[in-house]
Amino acid sequence: MLIGALGIERARLVALVGAGGKTSLMIALARAWARAGERVLVTTTTKIAREEAACEWPAVGAPDAPAIRDALRRHAAARGSALIAFRGGAADGERLAGFAPRRSTG
């Protein structure tokens with residue numbers, strides 16, 4: 001219902017920007033897609049609170065894209081599943097650090 005209301009039924013990638021509510025919306029969308037039988041990867045380019053990442057899916061630290069791909073194969077092989085990927089712990093110890101956006105050179 002949420003996915004349809006936003007008109008993103010066929011989306012393969014969703015980016016959320018702005019102030020307030022991004023993580024809640026990200027988790028709600030992931031749940032909706034997982035319930036619809038999709039495999040979902042959730043990550044951030046900033047930070048996410050450890051307690052927000054502690055939901056019904058595995059949260060896996062991965063240094064790069066190949067490690068994320070391997071984690072997806074191990075943990076989210078089944079349809080209707082999700083995985084939260086992060087780069088490592090943030091300096092404050094309370095948040096998980098995401099992946100820096102890749103910059104285009106062209």
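Just so it is clear, the model here is predicted, and its values are computed rather than measured.
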Task: Under 3.5 Å donor-acceptor, Arg50 side chain and Gly93 backbone - done: yes
Any side-chain heavy atom of [X] sitting closer than 4.5 Å to one from [Y]?
| X | Y | value |
| --- | --- | --- |
| Ile27 | Trp57 | yes |
| Leu25 | Leu2 | yes |
| Lys22 | Thr46 | no |

From [X] [atom1] over to [Y] [atom2], what is the distance, rounded to the nearest 0.5 angstrom?
| X | Y | atom1 | atom2 | value |
| --- | --- | --- | --- | --- |
| Thr43 | Phe99 | OG1 | CZ | 4.5 Å |
| Arg31 | Met26 | CZ | CE | 11.0 Å |
| Leu72 | Leu83 | CG | CG | 5.0 Å |
| Ile3 | Arg35 | CD1 | CZ | 8.5 Å |
| Leu96 | Glu51 | CG | CD | 9.5 Å |

Task: Residue list, side-chain contact (heavy atoms from CB on, under 4.5 Å) with Ala67, at least two apart or on another chain - done: Ala62, Pro63, Asp64
List the atom pairs, with distances to 0.1 Å, where a side-chain N or O of residues 6-15 and a protein N or O form a donor-acceptor pair under 3.5 Å, not counting sequence neighbours.
none

Open item on the list: Restricting to non-hydrogen atoms, name the atom on Ala53 and the atom on Ile84 that form the minimum distance, rounded to 0.1 Å.
Closed with: O-CD1, 3.5 Å
